[in-house]
Amino acid sequence: MSAMFQIKLPDGSVREMPEGSTPADVAATIGPGLAKAALAARIDGEVRDLHRPFEGDAELTLITSRDEKDALELVRHDFAHLLAEAVQNLYPGTQITFGPPTDDGFYYDFAPAPGRGPFTDEDLPAIEQEMRRVIAADKPLVREVWDRERVRQFFLNHGETFKAEWVMELPADEPITMYKTGHGEADWIDLCRGPHLASTGKLDPQAFKLTRVSGAYWRGDPKNPMLSRIYGTAWLSKKQLDAYLVRLEEAAKRDHRKIGQEMDLFHLQAEAHGSVFWHPNGYIIWRELEAYMRRRLDAAGYLEVKTPQLMDARQWERSGHWGKYRENMFVVPDEIPHASDDEGEDDRPILSGEADLMALKPMNCPAHVLIFNQGIKSYRDLPLRLAEFGCCHRNEPHGALHGILRVRQFTQDDAHIFCREDQLVEEVVAFCDLLDSVYRELGFDSYAIKLALRPDKRFGSDAMWDWSEQSLRDAVAAAGRNTEEFGWEELPGEGAFYAPKLEFHLSDAIGRTWQVGTIQTDTVLPERLDASYIGEDGAKHRPVMLHRAIIGTFERFIGILIEHHAGKFPLWLAPVQAVVATIVSDADDYANRVLEKLRAAGIRAEADLRNEKINYKVREHSLAKVPLLLVVGKREAEEGTVALRRLGSDEHQKMMGLDEAVAMISEETVPPDLR
Ligand SMILES: [Zn+2]
Ligand SMILES: [Zn+2]
């Protein structure tokens, strides 16, 4: 008699199933609807194939398309296999390598058949068609366990040298799984850990699209052969795919690099990889944002400081950065250049190579502790909030850089709060309130708060972590933001190695999220750099250090602002706030008077006196995203009026007296915190 297994379902009920039965059998006992909808199974927490037999008693949850995250990952993995099968059907001799799911789809890396050359975008429609044919054939995907030598022989026999190489790196004593597609005899087979859906027919043939082809080195190493990587996006339904494609299109229109060029805000060039050249228009946005943040921080009791760009390597050793962070730091020799009194000796090397080392700061934290450590601090001096618009450098791989969103030189809205343990919760609450009001004033109505908890590798005792995590939890609760509205969530294992942190994720106008704000509790750095204060008891104590930022970095945040507003900045941030445009040259003198009045009122204005049709001027300035256009002709000059048009407004232009218009505009350009 075969054994019976106890299978526990999410509602707590238990089914007895004979050995050899599968999650699909359980689904069938519950009902035909579920049997059809089930995509895979979660067994004791692990996602598995629907037709893989139970190995003992188990807790079972059936996964359907309603479990979107799991379902998407399964479907994307299936599509990757489908892509590989389709490519090998169409192009015999192509070798397969790896093909994982991604955040929005999947890719697969291929070694094209000798002499064929790399795949191109032109190949994609035929491959898509072949993928749809395999879906329509509704072929089962079957899991088999092989030993390693059999797998290697199989791939060698089929000319798959990449796979044969890879399999030898898997542990020799562990069973290896292969997935076959096909009825009876396998049509196609790949080395894979799974899990997969039960058959290709479970995929929606209209819910995917192959998007592009790029080169990728075998195993990411430039010394290895170049492969062709084919990317696709895949979803659970055509509706989801269409919505995604619309989002992509919308994101492309808002791309900060494109708008940055159209509005002449900044540029990047290879001579300064990852550092931004801010043009006058872009730097106006920066200055307005910085002035705004400075006013908010001043009002919130922060003290602004400025600390050195370069510090001795020994200082970075003491703070622990040299050990943990060295590869991301720019290091500079500290040597006094020789002073030559003889003009002819300039070919002598300036540096002997025996210099001490200094490093450009990758973060401001240690310097702020050094300021704290000047003079004796008492418990009455705390909390001490030191703020710095600190310019930092981090050496990131060139491939990781992206416009002004990911750069190597950046300026943070950084601050460190030194406080007593009993002040921690109220400081975090005050920070949450400040951040909330800043985001709203900057035009973001929605953001999520997440608590990143202790990682496996960490400094400090469990008691310290218990206390830090609970303090952050308590603070968010006290601020009334541990709710669904604020997307409150705890993320196990995602904290920094020295501290748990709160993360603040902004949602932009097209529903993308950006992590910008953060606050972290740190007891490690004060310890390493020996920061202390004299307590009420007359003894020395360590302060807690809070690292915090609201907008993160100016570069990235301005990039986000550009994409969020699609370049149509609120009036106070707009580089050019108003343009005075003439209809006829007779109005030139009057236009100049209007311009003077606007500028005298502190409004960033320009005049367009060109001999062009007014419609042409209107179109050009609206493309440049100028918020206000003041149109003046002969009549306006005689009457002392202007015709005001607003960017993106369907209303017709509004006739106003000049003084009235200037007063109105100057009121509208006031930054939100000064209204
Ligand atoms: Zn796979
Ligand atoms: Zn810090």
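Of the possible polar contacts, none joining the Tyr244 side chain to the Trp235 backbone as a donor-acceptor pair under 3.5 Å is found. In this structure, Arg458 contributes its side chain and Pro455 its backbone to a donor-acceptor pair below 3.5 Å. At distances below 3.5 Å, not a single donor-acceptor pair connects side-chain atoms of Arg229 with backbone N or O atoms of Tyr107. A donor-acceptor contact shorter than 3.5 Å links the side chain of Thr518 to the backbone of Leu502. A donor-acceptor pair under 3.5 Å is absent between the side-chain atoms of Asp190 and the main chain of Tyr179, judged by distance alone. Judged by distance alone, with hydrogens and angles left aside, the side-chain atoms of Glu130 form no donor-acceptor pair with the main-chain N or O of Leu90 at under 3.5 Å. A donor-acceptor distance shorter than 3.5 angstrom exists from the side chain of Arg254 to the backbone of Glu563, with no hydrogens or angles considered. Checking side-chain atoms of Thr200 against main-chain N and O of Lys139 turns up a donor-acceptor pair under 3.5 Å. Panel note: side chain Thr177, backbone Arg143; no donor-acceptor pair is recorded below 3.5 Å. The backbone N or O of Gly552 lies less than 3.5 Å from a partner atom in the side chain of Asp413, making a donor-acceptor pair.
Phe444 approaches Ser507 most closely through the heavy-atom pair CD2-O, 3.7 Å. In this structure, Cys192 and His81 approach most closely via the heavy-atom pair SG-NE2, 3.5 Å. Residues Pro362 and Phe410 share a closest heavy-atom pair of O-CZ, 4.3 Å. Of all the heavy atoms in Ile560 and Leu405, the pair that sits closest is N-CD2, 4.0 Å.
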Residues Asn89, Val134; criterion side-chain contact (heavy atoms from CB on, under 4.5 Å); working and verdict = CA-CA 10 Å; Asn89 289 348; Val134 178; 4.2 Å; yes
For the pair Ile562 and Met263, evaluate side-chain contact (heavy atoms from CB on, under 4.5 Å) and give the outcome as yes or no after the intermediate values.
-> CA-CA 10 Å; Ile562 293 170; Met263 295 179 72; 5.9 Å; no
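Taking the ring centre of Tyr231 as origin, the terminal cationic atom of Arg212 falls inside the region bounded by 6.0 Å and 45° from the ring axis.
No hydrogens or angles considered: nothing links the side chains of Ser237 and Asp204 as a donor-acceptor pair under 3.5 Å. Counted by atom type alone, Gln520 and His547 present zero donor-acceptor pairs between their side chains at under 3.5 Å.
Of the residues Phe110, Tyr108, Phe106, the one that meets the side-chain contact (heavy atoms from CB on, under 4.5 Å) test with Ile230 is Phe110. Between Phe557 and the options Thr411, Leu506, Ile285, a side-chain contact (heavy atoms from CB on, under 4.5 Å) holds for only Leu506. A salt bridge (charged side-chain N to carboxylate O under 4.0 Å, His left out) with Glu490 is found for exactly one of Lys501, Arg473, Arg454, namely Arg473. The only member of Arg408, Gln412, Gln409 that meets side-chain contact (heavy atoms from CB on, under 4.5 Å) when paired with Cys392 is Gln412.
Using a cutoff of 4.0 Å between basic side-chain nitrogens and carboxylate oxygens, Glu73 and Arg76 are not scored as salt-bridged. Salt bridge Arg257/Asp255: present, at least one basic N to carboxylate O contact under 4.0 Å. Salt bridge status for Glu250 with Arg247: absent, with no side-chain N to carboxylate O gap under 4.0 Å. A salt bridge does not link Asp67 with Arg42: none of the charged nitrogens is closer than 4.0 Å to a carboxylate oxygen.
Counting heavy atoms from C-beta on, the side chains of Thr483 and Phe486 come closer than 4.5 Å. Within the 4.5 Å cutoff, side-chain heavy atoms of Glu128 are placed close to those of Phe208.
Applying the ring-ring contact (aromatic ring centres under 6.0 Å, His included) test to His505 and every residue at least two apart in sequence or in another chain returns nothing.
Aromatic pair Phe459/Trp465: ring centres not closer than 6.0 Å.
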